[in-house]
Amino acid sequence: MKTKEVLEKSGIDRETLRFYEKKGLLPETTRTEGGYRIFPEEVINRLRFIKTAQGAGFTLNEIRELVDLKIKGVSCKAGRDLAAKKREELQS
């Protein structure tokens, strides 16, 4: 999926997309011979997750931790523990 499609489907702007890429929140892209970035379909779900997590009060660093857990195949318990810790932090 080209950048334009990602922007249309996710509702974010180009600068935000690049920022998330630089922060390591998105999977690696490939490029066409013409130099266009091609994103995997899963990037839309990842962007939705990022937006939802931000809305819940997670920082980008915390979101990256959660994304890294998924990439590494760590158990869901680790993610739940991070979420519970954040909930306690927000309630304080």
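In this text, all values refer to a predicted model and were calculated from it rather than measured experimentally.
Sorted by first then second residue, the salt bridge (Lys or Arg N to Asp or Glu O under 4.0 Å) pairs that include residues 24-34, not counting sequence neighbours, number zero.
With sequence neighbours excluded, the residues that form a side-chain hydrogen bond (donor to acceptor under 3.5 Å, both in side chains) with Gln54 are Tyr20. Annotation: side-chain hydrogen bond (donor to acceptor under 3.5 Å, both in side chains) contacts of Glu15 (sequence neighbours excluded): none. Residues passing the side-chain hydrogen bond (donor to acceptor under 3.5 Å, both in side chains) test with Thr29: none are found, sequence neighbours excluded. Considering only residues two or more places apart in sequence or on other chains, Thr52 meets the side-chain hydrogen bond (donor to acceptor under 3.5 Å, both in side chains) condition with none of them.
Not a single donor-acceptor pair under 3.5 Å links the side chain of Gln91 to the backbone N or O of Glu88.
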Report, one line per pair, each donor and acceptor closer than 3.5 Å where one atom sits in a side chain of residues 36-51; sequence neighbours left out.
{"unit_1": "Arg37", "atom_1": "NH1", "unit_2": "Glu21", "atom_2": "OE1", "d": "2.2"}
{"unit_1": "Arg37", "atom_1": "NH1", "unit_2": "Glu21", "atom_2": "OE2", "d": "3.1"}
{"unit_1": "Arg46", "atom_1": "NH1", "unit_2": "Leu25", "atom_2": "O", "d": "2.8"}
{"unit_1": "Lys51", "atom_1": "NZ", "unit_2": "Ser10", "atom_2": "O", "d": "2.6"}

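Contact of the Leu17 side chain with the Leu26 side chain is registered, since non-hydrogen atoms from C-beta on lie closer than 4.5 Å.
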